[in-house]
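The structure appears right after this line, and notes come after that.
When a ligand or atom number is given, it counts from 1 through the structure's own listing order.
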Amino acid sequence: MNPSNYLEIKNKIPINVNILAVSKGFKSQEIKTIHNIGQNDFGESKFQEAFEKQSILKDYKQIKWHFIGRIQSNKIRKIVQNFQYIHSVDSFEKLLKVSSISCEEKKNPLVMIQVKFCDDPTKGGFNPELLLLKWKEIKELKNIKLSGLMTINPKGLNSKENLELFKKCRSLADLLQLPDCSMGMSGDWEEAVEAGSTWLRLGSLIFGDRY
Ligand SMILES: *Cc1c(COP(=O)(O)O)cnc(C)c1O
């Protein structure tokens, strides 16, 4: 891992776009290295792996943990207890559960709703029409700060196709008056920035190849 990769990308993106350093597959030592040069937001997708690193890094109070993985319903309590941001709430039922458990735990996580803008059997996500139908109910949910939408584009799209899907996400977020769009990864972050991403989720671009 080479810290200059991080600084290079940070210099390339507009200041209003946040970087989420996706540290899944990397060790707490590597998180420390990136944290030491100014990065506070780290994303993890497997809660067991995340908890181990969180407990090693518990004295680093500035680190904010973001959950970005597929959410299993029986893990929601652990996720709510240990993450300030949840990017990957991909169904109405899970959203209800995040809200009710957050109430019980007296937490108030920042939540982004995962939306799917084209068919992709490998990914979860709200259908945009369903999200609109449920929106009134969703807005009333307690103990979650709904800040935006999250999307993951299917693999293998060209630059124009990526841009189009990201623009759909940005338009829907604007329609719902949500400030954030968590979109763009190491392979498609430029299109995401162009479309109006506010959170780039970058793993390999910062940390190198996962092993
Ligand atoms: C792994 C992962 C990323 C980062 O992927 P890279 O291609 O390494 O940048 C972003 N978002 C999610 C949901 C991920 O699981």
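Counting heavy atoms of neighbouring residues, nucleotides and ligands inside a 6.0 Å radius, atom NZ of Lys46 does not exceed 12 of them. The local environment of CZ in Phe92 is crowded, with over 12 non-hydrogen atoms from other residues, nucleotides or ligands closer than 6.0 Å.
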What side-chain donor-acceptor pairs closer than 3.5 Å can you find for residues 164-180, not counting sequence neighbours?
{"unit_1": "Arg170", "atom_1": "NE", "unit_2": "Asp174", "atom_2": "OD1", "d": "3.1"}
{"unit_1": "Arg170", "atom_1": "NH1", "unit_2": "Pro179", "atom_2": "O", "d": "3.2"}
{"unit_1": "Arg170", "atom_1": "NH1", "unit_2": "Gly196", "atom_2": "O", "d": "3.0"}
{"unit_1": "Arg170", "atom_1": "NH2", "unit_2": "Asp174", "atom_2": "OD1", "d": "2.9"}
{"unit_1": "Arg170", "atom_1": "NH2", "unit_2": "Leu178", "atom_2": "O", "d": "3.1"}
{"unit_1": "Arg170", "atom_1": "NH2", "unit_2": "Pro179", "atom_2": "O", "d": "3.3"}
{"unit_1": "Ser171", "atom_1": "OG", "unit_2": "Lys167", "atom_2": "O", "d": "2.9"}
{"unit_1": "Asp180", "atom_1": "OD1", "unit_2": "Thr198", "atom_2": "OG1", "d": "2.7"}
{"unit_1": "Asp180", "atom_1": "OD2", "unit_2": "Ser147", "atom_2": "OG", "d": "3.0"}

May I have the list of side-chain donor-acceptor pairs in residues 36-43 shorter than 3.5 Å, sequence neighbours left out?
{"unit_1": "Asn36", "atom_1": "ND2", "unit_2": "Lys32", "atom_2": "O", "d": "3.3"}
{"unit_1": "Gln39", "atom_1": "OE1", "unit_2": "Tyr6", "atom_2": "OH", "d": "2.7"}
{"unit_1": "Gln39", "atom_1": "NE2", "unit_2": "Ile19", "atom_2": "O", "d": "2.7"}
{"unit_1": "Gln39", "atom_1": "NE2", "unit_2": "Asp41", "atom_2": "O", "d": "2.7"}
{"unit_1": "Asn40", "atom_1": "OD1", "unit_2": "His35", "atom_2": "ND1", "d": "3.2"}
{"unit_1": "Asp41", "atom_1": "OD1", "unit_2": "His66", "atom_2": "NE2", "d": "2.7"}

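Using a 4.0 Å cut-off between a side-chain N of Lys or Arg and a carboxylate O of Asp or Glu, Arg77 and Glu104 qualify as a salt bridge.
Every residue two or more places apart in sequence or in another chain that forms a side-chain contact (heavy atoms from CB on, under 4.5 Å) with Asn5 is listed here: Asn2.
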Go ahead and list the nitrogen or oxygen contacts between ligand 1 and the protein that come in under 3.5 Å, distances to 0.1 Å, or just say none.
{"unit_1": "ligand 1", "atom_1": "8 (O)", "unit_2": "Ser204", "atom_2": "N", "d": "2.8"}
{"unit_1": "ligand 1", "atom_1": "8 (O)", "unit_2": "Ser204", "atom_2": "OG", "d": "3.1"}
{"unit_1": "ligand 1", "atom_1": "8 (O)", "unit_2": "Arg210", "atom_2": "NH1", "d": "2.9"}
{"unit_1": "ligand 1", "atom_1": "8 (O)", "unit_2": "Arg210", "atom_2": "NH2", "d": "3.2"}
{"unit_1": "ligand 1", "atom_1": "9 (O)", "unit_2": "Ser186", "atom_2": "N", "d": "3.0"}
{"unit_1": "ligand 1", "atom_1": "9 (O)", "unit_2": "Ser186", "atom_2": "OG", "d": "2.5"}
{"unit_1": "ligand 1", "atom_1": "9 (O)", "unit_2": "Gly203", "atom_2": "N", "d": "2.8"}
{"unit_1": "ligand 1", "atom_1": "11 (N)", "unit_2": "Arg201", "atom_2": "NE", "d": "2.8"}
{"unit_1": "ligand 1", "atom_1": "15 (O)", "unit_2": "Lys24", "atom_2": "NZ", "d": "2.7"}

